[in-house]
*Asks:* 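Dropping a structure here in structure tokens format, bear with me for questions.
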Amino acid sequence: MKAAVIHGPGLIKCDTVDDPIIKESNDIILKVTSTAICGSDLHMYSGGIPQVRPMVMGHEFMGIVEEVGQHITNLKVGDRVVVPFPISCGSCYFCQHDLPTACEHSNPEHYGPEGGILTDKGGALFGYSDLYGGYDGGQAQYVRVPYAHFGPRKVPDNLTDEQVLFLTDIFPTGYMGVLWGELKGGETVAIFGAGPVGSMSVKSAILHNAKKVIVVDTQQYRLDQIKNLTGCDTILWEDGQNVIDQIRDMTDGRGADLCIDAVGFEPDRNLIDRAKAVINFEKGSIKVLEACMSAVRRGGIVSILGVYPVNYDNFKLGQIFDKGITIKAGQCNVHAIIDELLDHVQSGRVQLNDIITHRLSLEDVSKGYEIFDKKQDGCVKVVLDPWKASSL
């Protein structure tokens, strides 16, 4: 089969690899009909998330059941399903408490309670390094889906792939960030990052009746797109303090009720930012998180959706304590909310596919990663068709 394989930082190619096979009785083999490139994939592409051996990328995918293991009774060959990006057993303590990203069984070699940098990680994720289970992902023509009795959800026939594809990750992730904010209606939400997750956070804040939604980004074209889609307020990041001052000016000096970090540890950085990281022996930067903690009001909430894989010494604990900030963070527990979100899509309360800017063949995956990473050609979201011939 054809699959997007990472061979090192900056090198992802469409290779011919062996077809996946059933390994466990609760597996299915899925014929992938649609898949997408996620901002989290760019952390592997950059080398920020290490991966030594080649592996198939991708954790946003859906398709048609091709084969089922002997203990699968909830699905049959021919069913069309969407698959949450965490790999979760459904039976352990954490899966039973709606925390499938902490699954105790799916990542046996690297799982543990500590949450370390290179050990004691959480549950497995599709196509996201050996640290998170080493499972091949869904940027491919076929993919093995473990624990298929628990994860995949059937898709109604009246919905297209593009209408539901983002139930795999970015919509639940953005929605979870807003849920963590405990909105009751009428609040101000400031979202840092106008990429795919930030865009879904905007849509989710609107679903929760936020009075004002402010989006911050370094790219004007991304701000223009989300403003056109949702009517939100926007701020172009040119200087962090200026962004903070503008958010305070828009909120009677208090700050936003909820700030969402939808960027993570690899924001756009200048040479000074990069030099600081080298001097401090740190990877990337927490400047977006620091801006969130300054821009949130006293007693407010900061949701961290962007990836932070390492520790940082200059973390402003004193500011958190003095302002009484609540911080909530982590991988999204998709299984716990995907059914609710599918209902939002089916009812028409939210549209997800309007953020798609590029539709490419899987054969053109290298180009897709390049334009997404470099923010070229107005790229916000790339969807790949595994069965379409290259048009480049």
Side-chain angles (χ1 to χ4, degrees), residues 9 38-52 59 85-86 94 99-104 106-125 128-134 169 173 176-177 180 192-193 195 197-198 216 237 240 244 258-296 300-333:
C38 181
S40 298
D41 293 330
L42 296 183
H43 299 315
M44 289 185 65
Y45 184 68
S46 72
I49 301 292
Q51 177 60 24
V52 176
H59 55 268
F85 77 90
F94 290 106
L99 294 168
T101 58
C103 177
E104 296 174 291
S106 62
N107 188 16
E109 291 188 16
H110 295 284
Y111 183 81
E114 181 67 19
I117 296 173
L118 294 176
T119 187
D120 276 40
K121 309 302 286 186
L125 310 174
Y128 210 68
S129 83
D130 288 327
L131 290 175
Y132 286 96
D169 178 1
T173 296
M176 183 75 74
W180 286 340
F192 289 72
V197 169
V216 181
W237 177 300
I244 295 163
L258 168 65
C259 283
I260 296 177
D261 177 351
V263 178
F265 78 110
E266 291 187 305
D268 290 342
R269 293 181 291 160
N270 57 30
L271 289 176
I272 295 176
D273 291 331
R274 294 179 185 276
K276 286 181 180 178
V278 172
I279 293 170
N280 294 333
F281 297 100
E282 295 173 345
K283 184 180 289 290
S285 169
I286 59 170
K287 71 176 188 178
V288 173
L289 177 55
E290 290 176 334
C292 287
M293 294 191 299
S294 291
V296 76
I301 295 174
V302 173
S303 292
I304 306 175
L305 306 180
V307 173
Y308 287 95
V310 297
N311 302 320
Y312 297 88
D313 287 338
N314 296 320
F315 189 67
K316 295 183 178 180
L317 182 58
Q319 181 188 43
I320 297 169
F321 181 84
D322 185 80
K323 292 183 68 172
I325 299 170
T326 298
I327 294 180
K328 299 186 179 183
Q331 302 282 2
C332 178
N333 292 294

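Below, each value reflects all heavy atoms present in this structure, side chains not excepted, and no hydrogens, waters or symmetry copies.
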*Asks:* Under 3.5 Å, side chain of Y128 to main-chain N/O of D41, donor-acceptor pair present?
*Replies:* no
*Asks:* Which value, rounded to the nearest 0.5 Å, describes the distance between L289 atom CG and Y312 atom OH?
*Replies:* 9.5 Å
*Asks:* Where do S303 and L258 come nearest, in terms of heavy atoms and distance?
*Replies:* OG-CD1, 3.6 Å
*Asks:* Going from NE2 on H59 to CG on D169, what distance comes out if it is rounded to the nearest 0.5 angstrom?
*Replies:* 4.0 Å
*Asks:* Quick one: closest heavy-atom pair of G47 and P9, and the distance?
*Replies:* CA-CG, 4.0 Å
*Asks:* Taking S46 for its side chain and H43 for its backbone only, find out whether a donor-acceptor pair lies under 3.5 Å.
*Replies:* yes
*Asks:* Can you measure from CD (E114) to OG1 (T119) and round to the nearest 0.5 angstrom?
*Replies:* 9.0 Å
*Asks:* Measure the OG-OH distance between S40 and Y45 for me, rounded to the nearest 0.5 Å.
*Replies:* 16.0 Å
*Asks:* Looking only at heavy atoms, what is the nearest atom pair of Y111 and C103, with distance?
*Replies:* CE1-O, 3.1 Å
*Asks:* Has S106 got a side-chain atom pairing as donor or acceptor with A124's backbone, closer than 3.5 angstrom?
*Replies:* yes
*Asks:* Measure the shortest side-chain to side-chain distance between L42 and E266 over non-hydrogen atoms and say whether it is less than 4.5 angstrom.
*Replies:* no
*Asks:* Is a donor on one side and an acceptor on the other found under 3.5 Å between the side chain of K328 and the backbone of I304?
*Replies:* no
*Asks:* State, to 0.1 Å, how close V197 and A262 come at their nearest heavy-atom pair, and which atoms those are.
*Replies:* CG1-CB, 4.0 Å
*Asks:* Taking the side chain as every heavy atom from C-beta outward, state whether F85 and T173 have any atom pair closer than 4.5 Å.
*Replies:* yes
*Asks:* Please give me the minimum heavy-atom distance between A295 and F192, naming the atom from each residue.
*Replies:* CB-CZ, 4.2 Å
*Asks:* Is it true that a side-chain atom of N107 and a backbone atom of G133 form a donor plus acceptor pair closer than 3.5 Å?
*Replies:* yes
*Asks:* Under the side chain to side chain contact (heavy atoms under 4.5 Å, CB included) criterion, do I49 and Y132 qualify, and how do the steps go?
*Replies:* CA-CA 11 Å; I49 301 292; Y132 286 96; 5.7 Å; no
*Asks:* Could you tell me which residues satisfy salt bridge (charged side-chain N to carboxylate O under 4.0 Å, His left out) with D120, sequence neighbours excluded, listed by chain and number?
*Replies:* none
*Asks:* Write down the atom of G116, the atom of K121, and the distance for their closest heavy-atom approach.
*Replies:* O-NZ, 2.9 Å
*Asks:* About how many Å separate CE of M293 and CD1 of I244, when rounded to the nearest 0.5 Å?
*Replies:* 10.0 Å
*Asks:* Counting only N and O atoms by type, is there a donor-acceptor contact under 3.5 Å from the side chain of K316 to the main-chain atoms of E290?
*Replies:* no
*Asks:* In terms of heavy-atom contacts, does CD of E109 have more than 12 from other residues, nucleotides or ligands at under 6.0 Å?
*Replies:* no
*Asks:* Would you check if V310 and F265 make a side-chain contact, meaning some heavy-atom pair closer than 4.5 Å?
*Replies:* no
*Asks:* Report yes if some heavy atom in the side chain of W180 is under 4.5 Å from a heavy atom in the side chain of L305; otherwise report no.
*Replies:* yes
*Asks:* Going through the distances and angles, do I320 and F315 end up as a side chain to side chain contact (heavy atoms under 4.5 Å, CB included)?
*Replies:* CA-CA 9 Å; I320 297 169; F315 189 67; 3.4 Å; yes
*Asks:* Any side-chain heavy atom of L131 sitting closer than 4.5 Å to one from L118?
*Replies:* yes
